[in-house]
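Each remark here refers to the structure printed beneath this line.
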Amino acid sequence: MSASNSILDSPIEYLKGVGPLKGDMLRKELNIFTFRDLLEHFPLRHIDKTQVNLINEINPETEFIQVAGTLVDSTIIGEKRGKRLVARIRDKSGILELTWFQGITWVQKSLLPGKDYLIYGRCGFFNGRPQMTHPEMELLASVKSAGKNFLEPIYPSTEKLKARSLNGRQLGTLTSVLLPQVAERDIPENLPAPLLQQLKMPSRYRAYCDIHFPKSPQDYQAAVRRLKFEELFIAQIRLALIKLQRHRYSRGVVFEKVGDIFTHFYNHVLPFQLTGAQKRVLKEIRQDTARGKQMNRLVQGDVGSGKTIVALLTMLLAADNGYQSCLMAPTEILSQQHYQGLTALLKDLPVTMRLLTGSTKAAERRKVLAGLADGSIQMVVGTHAVIEESVQFQNLGLAIVDEQHRFGVAQRAKLWQKATIPPHVLVMTATPIPRTLAMTAYGDLDYSVMDELPPGRQPITTVHRNEMQRAGVMDFIRTEIAKGRQAYIIYPLIEESEKLSYEDLMQGYEQVKSFFPEPKYYISMVHGRQPPEQKEANMQRFVTGDTHIMVSTTVIEVGVNVPNASVMVIESTEKFGLSQLHQLRGRVGRGSEKSFCILLTGERVSKDARERIKIMCATNDGFKIAEKDLELRGPGDIEGTRQSGMLNFKLASLINDKAILESAKKYAQLLLEQDPDMTSADNLPLKSHLLAKEGKTSWSKIS
Ligand code: ADP
Ligand code: MG
């Protein structure tokens with residue numbers, strides 16, 4: 001099926017009523033180049049034309065309203081930035097003020113005093129009078145003569161287009177010219193017929209007609225649902241195909257056996273029972289790594305769910321099968337902590353683990369590089385120094401990336417060059433992203449969730465306190481220290497170079513010292529401006545319990561583990577995002593003691609910050625917090641998903657269309673299970689649709 005001779009590929013200026021001038025405007029303002037682009041320029045909403053209200057029915061609660069009346073006059077008032085056009089409309093009940101801030105001259109030229117207009121827009125009140133800003137206007141006479149549908153589409157438009165008689169309403173005239181010329185074969189079905197039947201969805205052609213000019217609100221809803229489903233379904237099929245291709249064609253080293261090292265560790269060293277979630281993920285990893293394909297698995301676990309031990313067990317599995325492994329962490333501190341924790345566990349086992357970071361001394365570095373190259377070192381922990389070009393492995397079989405969102409895609413790609421057969425990759429992140437988002441952003445990865453915390457953890461109690469209650473907060477820390485516990489006090493140094501917040505931190509430190517004087521109390525301070533050795537030494541004093549309080553910036557955000565710390569105070573909480581707050585809070589509640597998180601703010605807090613604080617006080621569940629974060633900020637901001645073009649949908653929203661996404665995912669999986677090559681007649685339309693967009697699908701290797 002060739003799409004190239006479809007009428008939909010015609011340049012937009014060929015449409016009756018457009019022409020070169022408007023064509024140019026449509027291209028520049030709305031990216032509408034072809035008939036197809038216009039067809040895919042969907043209405044914002046529809047106005048029920050039978051509904052005209054009176055001006056005196058407008059009240060402060062009114063949102064959108066449609067009125068009809070005579071234009072009394074229009075005047076430009078104000079100077080420079082305050083300049084605006086004000087027009088007045090009168091109906092039999094009153095007067096409505098219309099205001100424009102942009103395109104003033106154009107709009108004024110087009111307004112005809114004495115004529116009757118149909119006016120639609122969002123109202124507000126200004127000085128007690130109803131007012132509408134940048135309304136949609138149309139001469140009543142032309143509305144009547146056009147005899148349009150009673151559900152009239154209103155399209156997104158721009159001020160420039162409005163000035164050229166292409167406002168949200170007038171764009172509808174163009175679609176009403178376009179649609180009758182579009183035949184069913186121009187919009188071929190791309191979903192399998194049985195699926196459409198099962199889900200009671202309209203055909204693609206029908207949906208495109210009805211989203212513009214529905215006969216009823218129900219028809220409109222059905223059209224929208226169908227087109228959203230189509231978007232999400234096809235995205236899911238694409239991702240699943242990428243995954244399938246990897247599973248079919250990739251080659252991976254085989255970890256065929258669970259050997260002595262793993263077994264000895266599991267039976268004699270492992271200090272606790274694994275949680276159900278840890279066991280499940282390990283089993284998935286075992287299956288992945290035993291089948292001769294490359295593993296590419298993302299493990300999402302909430303803070304404290306115990307990902308490190310899963311990482312270590314996987315590294316032991318690699319060692320049992322004669323392969324080297326590396327564990328990469330985003331910061332020096334975290335690498336060191338992993339290294340210390342893991343080597344302590346490994347001390348009686350016949351494997352060698354080394355640390356490699358940016359601050360590893362030259363002599364040690366040479367030794368580590370030599371050991372990795374000749375295979376005498378089986379495991380290396382470090383920052384991205386581990387994947388620098390100079391690091392050569394004898395036979396790297398496994399790479400684990402902790403806290404994935406700080407590692408760029410390019411850095412991960414470097415791993416592939418470290419061995420002839422690419423190593424298995426395990427990506428671990430403690431910044432949960434909502435499942436719905438993960439499905440789309442990471443749909444091409446194998447994906448495990450660790451949603452269970454080790455037993456005996458007590459939920460962290462989180463409270464909000466303001467500046468006036470600071471002394472009470474310090475008293476509280478004192479009582480916890482008296483019980484033998486330790487506390488974190490965190491300052492928001494968002495940019496480590498930011499001078500002002502650096503001074504805040506120093507001031508804060510002095511203040512904490514005055515509350516907690518030596519020699520009764522000792523304080524560690526860690527921030528990004530310290531040389532690595534000093535940072536490390538200060539951190540170490542806190543880890544070993546020599547200091548009672550850790551004053552720090554967010555450098556400790558990720559991964560650091562001091563189970564004896566039971567209080568986390570966060571200064572200027574309003575400056576932190578939700579997932580960051582959750583990460584920070586995850587530094588306490590790691591032992592069996594009851595832990596507390598105190599969110600400090602000034603007296604006045606913005607509405608958004610209040611909302612974040614409320615959520616933090618209400619739940620400890622990282623996945624719930626991630627959902628909320630998504631709702632508050634939208635998907636574009638969620639960490640790690642920004643580069644993913646998979647999130648740009650025309651209609652579907654990952655926040656509001658979760659149910660449709662779930663069902664799209666389910667049916668996409670089902671389809672590929674039953675017919676992975678899409679050879680059945682029912683699936684051919686889908687296949688040709690995907691082939692037509694081959695570039696995006698990387699289909700070529702499959703068919
Ligand atoms: P995260 O998933 O945040 O990286 P860690 O791996 O640092 O969490 O584990 C947090 C703490 O929980 C550590 O002190 C670790 O020893 C402990 N832990 C991990 N798994 C278990 C378990 N199954 N039972 C008890 N404690 C565990
Ligand atoms: Mg961790």
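Counting starts at 1 for both ligands and their atoms, following the listed order. Everything quoted here is computed from the prediction, not taken from an experiment.
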For ligand 1, does Gln278 get within less than 4.0 Å through its side chain, its backbone, both, or neither, judged by non-hydrogen atoms?
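For Gln278, only side-chain atoms sit under 4.0 Å from ligand 1.
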Out of all atoms in ligand 1, which are within 4.0 Å of some heavy atom of [X]? Include the element for each.
X: Val303; result: 3 (O)
X: Arg457; result: 10 (C), 11 (C), 12 (O), 17 (C)
X: Pro454; result: 18 (N), 20 (N), 21 (C), 22 (C), 24 (N), 25 (C), 26 (N), 27 (C)
X: Thr308; result: 4 (O), 5 (P), 6 (O), 7 (O)
X: Thr275; result: 23 (N)
X: Gln273; result: 22 (C), 23 (N), 24 (N)
X: Leu274; result: 23 (N)

Can you classify the ring geometry of Phe262 versus Tyr266 as parallel (below 30°), tilted (30 to 60°) or perpendicular (above 60°)?
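Answer is parallel, since the angle falls under 30°.
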Can you label the angle between the Phe255 ring and the Tyr323 ring as parallel, tilted or perpendicular, going by 30° and 60°?
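Ring orientation, 0 to 90° scale: tilted.
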Are a donor atom and an acceptor atom from the side chains of [X] and [Y] found within less than 3.5 Å of each other?
X: His527; Y: Ser552; value: no
X: Glu332; Y: Thr357; value: yes
X: His582; Y: Asp302; value: yes

Gln337, Arg590, Lys307: member with heavy atom nearest to atom 7 (O) of ligand 1
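Heavy atom nearest to atom 7 (O) of ligand 1 belongs to Arg590.
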If you measure from the Lys or Arg side-chain nitrogens to the Asp or Glu carboxylate oxygens, is any gap between Lys257 and Asp320 under 4.0 Å?
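Result for this pair is no, no salt bridge flagged.
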Answer yes or no: is there an ion pair linking Lys658 with Glu627, defined by an N-O contact shorter than 4.0 Å?
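Between Glu627 and Lys658 there is a salt bridge, with a charged N closer than 4.0 Å to a carboxylate O.
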Does Gly301 have a non-hydrogen atom less than 4.0 Å from ligand 1?
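The answer is no, since Gly301 has no heavy atom less than 4.0 Å from ligand 1.
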Geometric N/O contact Pro455 with ligand 1, under 3.5 angstrom:
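Such a contact does not occur with ligand 1.
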Kindly say whether the aromatic ring centers of Phe476 and Phe596 come within a distance under 6.0 Å.
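Yes, ring centres under 6.0 Å apart.
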